[in-house]
Amino acid sequence: MEILHFDIQINAEATKVWTVLWDDFSFRQWTSAFTEGSFYQGNLEKGNTIKFLDPKNNGMYSKIVQLIPSEEITFLHLGEIYEGVETPRDWGEATERYILKENENTTHLHIEVATTEEFRSFFEEKFPIALSNVKNLSENQL
């Protein structure tokens, strides 16, 4: 398992950045960097399972293992979804962690992705675009 790190400084309060990250409408906008039409199903509560899907009901499902609103959320990826059917995968500790640190109306967004070599180049290509989307949405929807 390899841990990738992505960072961006955003000129907005952490609560605003958090809202952009997890509000349904803005989530669909910033995650278009990964797959056009991406969305999630489920409630953001610790212990809940969330499904990350594309318009064809393909994606993955994950458990929320850590949640501090406007500060941190960590997902443990459990398996894939193909045409709506969940298939468990043995990805070990494949996690995705979002950490927000606010300092005088700016927010440092740090993302850690524990992944296999198979997905490394995808994340390295797509996450910088996604973070730029989060920054633009956060700063322009004030």
Side-chain angles (χ1 to χ4, degrees), residues 1-102 105-142:
M1 197 66 52
E2 187 171 357
I3 299 179
L4 307 177
H5 299 271
F6 304 96
D7 294 273
I8 196 162
Q9 195 72 21
I10 301 171
N11 294 317
E13 296 177 350
T15 54
K16 176 65 178 175
V17 176
W18 184 266
T19 298
V20 166
L21 286 169
W22 308 117
D23 175 74
D24 181 59
F25 180 74
S26 54
F27 178 87
R28 292 171 186 259
Q29 292 178 300
W30 75 265
T31 58
S32 66
F34 300 106
T35 302
E36 195 66 42
S38 293
F39 65 100
Y40 73 86
Q41 291 179 337
N43 294 316
L44 294 180
E45 295 177 13
K46 187 174 179 179
N48 280 4
T49 298
I50 302 293
K51 295 179 181 181
F52 297 99
L53 300 165
D54 69 12
K56 295 179 182 177
N57 265 345
N58 299 321
M60 65 181 175
Y61 63 100
S62 309
K63 181 178 181 179
I64 299 173
V65 294
Q66 174 72 323
L67 176 64
I68 304 169
S70 298
E71 291 181 24
E72 179 182 343
I73 190 166
T74 304
F75 301 97
L76 173 63
H77 301 308
L78 302 173
E80 295 177 305
I81 302 171
Y82 183 69
E83 295 181 351
V85 178
E86 296 178 11
T87 304
R89 294 286 184 233
D90 184 13
W91 288 326
E93 290 296 311
T95 57
E96 201 167 314
R97 183 177 181 209
Y98 295 75
I99 303 164
L100 291 78
K101 297 217 184 273
E102 185 177 322
N105 294 330
T106 64
T107 301
H108 179 94
L109 174 58
H110 175 76
I111 299 173
E112 296 176 359
V113 180
T115 187
T116 61
E117 181 64 32
E118 173 186 0
F119 297 109
R120 179 187 179 139
S121 62
F122 174 80
F123 288 133
E124 288 180 335
E125 176 188 347
K126 302 296 185 177
F127 253 112
I129 298 166
L131 286 179
S132 179
N133 290 347
V134 172
K135 179 179 175 72
N136 290 336
L137 289 165
S138 297
E139 293 178 354
N140 295 318
Q141 293 184 4
L142 297 174

How close do [X] and [Y] get, counting heavy atoms only, and between which atoms?
{"X": "W18", "Y": "S70", "value": "CD2-N, 3.2 Å"}
{"X": "I10", "Y": "S138", "value": "CG2-CB, 3.6 Å"}
{"X": "N43", "Y": "N48", "value": "O-ND2, 3.0 Å"}
{"X": "L131", "Y": "I8", "value": "O-CD1, 3.5 Å"}
{"X": "T107", "Y": "A14", "value": "OG1-N, 3.0 Å"}
{"X": "I129", "Y": "A33", "value": "CG2-CB, 3.6 Å"}

Check ring pair (Phe, Tyr, Trp, His ring centres under 6.0 Å) between H110 and all other residues, then give those that pass, not counting sequence neighbours. H5

In chain order, what residues pass the ring pair (Phe, Tyr, Trp, His ring centres under 6.0 Å) check against F52, with sequence neighbours excluded? F75

Evaluate the side-chain proximity of [Y] to [X]: yes if any heavy-atom separation is below 4.5 Å, no if none is.
{"X": "L78", "Y": "S62", "answer": "no"}
{"X": "Y61", "Y": "P88", "answer": "yes"}
{"X": "L109", "Y": "L21", "answer": "yes"}
{"X": "L44", "Y": "I64", "answer": "yes"}
{"X": "T115", "Y": "L4", "answer": "yes"}
{"X": "N133", "Y": "Q29", "answer": "no"}
{"X": "I111", "Y": "I99", "answer": "no"}
{"X": "L100", "Y": "H108", "answer": "no"}

Atom pair [atom1]/[atom2] of [X] and [Y] - distance to nearest 0.5 Å:
{"X": "K56", "Y": "T35", "atom1": "NZ", "atom2": "OG1", "result": "10.5 Å"}
{"X": "M1", "Y": "T116", "atom1": "CE", "atom2": "OG1", "result": "6.5 Å"}
{"X": "M60", "Y": "T87", "atom1": "CE", "atom2": "OG1", "result": "14.0 Å"}
{"X": "Q9", "Y": "K135", "atom1": "CD", "atom2": "NZ", "result": "7.5 Å"}
{"X": "Q41", "Y": "L53", "atom1": "CD", "atom2": "CG", "result": "5.0 Å"}
{"X": "F25", "Y": "W30", "atom1": "CZ", "atom2": "CH2", "result": "15.0 Å"}

Under 3.5 Å, is there a donor-acceptor pair between the side chain of N105 and the main chain of E13? no

Verdict with supporting geometry, F39 and F27, ring pair (Phe, Tyr, Trp, His ring centres under 6.0 Å): CA-CA 7 Å; F39 65 100; F27 178 87; 8.6 Å; no

Please verify the inter-ring angle class for F127 with Y98; under 30° counts as parallel, over 60° as perpendicular, anything in between as tilted. tilted

Within the supplied structure, the quantity of interest is the number of heavy atoms (other residues, nucleotides, ligands) at a distance under 6.0 Å from Y82 OH; does it exceed 12? no

Of all pairs that satisfy salt bridge (Lys or Arg N to Asp or Glu O under 4.0 Å), the ones with a partner from residues 87-102, not counting sequence neighbours: E72-R97, E80-R89, R97-E112

Under the salt bridge (Lys or Arg N to Asp or Glu O under 4.0 Å) rule, what do E86 and K51 come out as? Steps first, then yes or no, please. CA-CA 9 Å; E86 296 178 11; K51 295 179 181 181; 3.3 Å; yes

